Amino acid sequence: MSVIKLTNRIKVMERKPMTFMERLYFPAILKGMSITISHFFTKKATIQYPEQKRPMSDVFRGLHILKRDDKGAERCTACGLCALACPAEAITMTAAERTPENKHLYREEKYAAVYEINMLRCIFCGLCEEACPKEAIFLQNDKMAPASYEREDFIFGKDRLVEPFLNSKS
Ligand code: SF4
Ligand code: SF4
């Protein structure tokens, strides 16, 4: 007999005696093993990441990319609107004016000489993408910021953000 106290009242419960089959334990072990074995033949929920990757959702927001235009010039004009819109204050940049020598590299007179995103601050909200009037920054839906043991590795500069030139449209 066991006694269970519920608030200020006492409820007395009879302990149900075990049946003969329950006392054998063997049927319960067999039942458990059958459940385990049945999982050998079902589709596995785990994958061998990072060698295997799951398809991302179309609305997944991952690593940023700074896009180039059709001629391969950087679209970003260092207007700063993405940094203003960023709730995490993760974006910093330094603007510069293009010169006759580098004019083919940048679409407009001003460009970002330095553009950095602190991925440890970023919450991948996508507000920078929405704020950009030049369609220069996007969050990719198939790439994540890689893991690292060093904090400095999470400061992504232009070398890791700008779309590779060879991949730009010709
Ligand atoms: S995704 Fe959001 S938090 Fe990350 S840099 Fe853009 S605006 Fe900032
Ligand atoms: S990414 Fe867009 S919003 Fe941000 S500085 Fe460049 S042009 Fe302006």
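Read the numbers this way: they start at 1 and go in the same order the structure lists the ligands and their atoms. If you're wondering where the values come from, they're calculated on a predicted model, not measured in any experiment.
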*Check whether any N, O or S atom of Cys82 sits under 2.8 Å from atom 8 (Fe) of ligand 2.*
no
*asked:* Tell me which one of Phe138, Tyr115, Phe124 satisfies ring pair (Phe, Tyr, Trp, His ring centres under 6.0 Å) with His64.
replied: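 The passing option is Phe124.
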*Take Tyr25 and Met18, measure what side-chain contact (heavy atoms from CB on, under 4.5 Å) needs, and give me the verdict at the end.*
CA-CA 11 Å; Tyr25 291 109; Met18 288 173 93; 4.0 Å; yes
Heavy atom of the protein closest to [atom] (residue, atom name, distance):
atom	value
atom 2 (Fe) of ligand 1	Cys125 SG, 2.3 Å
atom 6 (Fe) of ligand 2	Cys76 SG, 2.4 Å
atom 7 (S) of ligand 2	Thr77 N, 3.5 Å
atom 4 (Fe) of ligand 1	Cys122 SG, 2.3 Å
atom 8 (Fe) of ligand 2	Cys79 SG, 2.2 Å

*asked:* Can you tell me which portion of His64 lies within the under-4.0 Å heavy-atom range of ligand 1? Options are side chain, backbone, both, or neither.
replied: side chain
Counting only heavy atoms not in [X] (residues, nucleotides, ligands), do more than 12 fall under 6.0 Å from its [atom1]?
X	atom1	value
Met21	CE	no
Glu89	CD	no
Asp58	CG	no
Gln48	CD	no

*For the residue pair Arg75 and Glu135, establish whether any side-chain heavy-atom pair is separated by less than 4.5 Å.*
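Arg75 reaches Glu135 side chain to side chain.
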*Under 4.5 Å between any side-chain heavy atoms of Arg98 and Leu105, yes or no?*
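Not in contact.
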For [X], the ligand 2 atoms whose distance to one of its heavy atoms is below 4.0 Å:
X	value
Cys132	1 (S), 2 (Fe), 3 (S), 7 (S)
Pro133	3 (S)
Gly80	5 (S), 8 (Fe)
Ala78	5 (S), 6 (Fe)
Met93	5 (S)

Which ligand 1 atoms are under 4.0 Å away from a heavy-atom of [X]?
X	result
Ile91	5 (S)
Ile123	3 (S), 4 (Fe)
Phe124	1 (S), 4 (Fe)
Cys86	3 (S), 5 (S), 7 (S), 8 (Fe)

_Given 3.5 Å as the limit, does a donor-acceptor pair link the side chain of Arg61 with the main chain of Cys125, or not?_
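Confirmed, Arg61 side chain pairs with Cys125 backbone.
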_Please determine whether residues Ile91 and Ile155 belong to a single hydrophobic cluster, defined as Ile, Leu, Val, Met, Phe, Trp and Tyr linked transitively by side-chain heavy-atom distances below 4.5 Å._
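Different clusters: Ile91 never reaches Ile155 through Ile, Leu, Val, Met, Phe, Trp or Tyr contacts under 4.5 Å.
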_Sidechain N-carboxylate O distance under 4.0 Å for Lys134, Glu108_ =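 Salt bridge flag = yes for Glu108 with Lys134.
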*Would you check whether Gly126 reaches within less than 4.0 Å of ligand 1, judged by its heavy atoms?*
yes
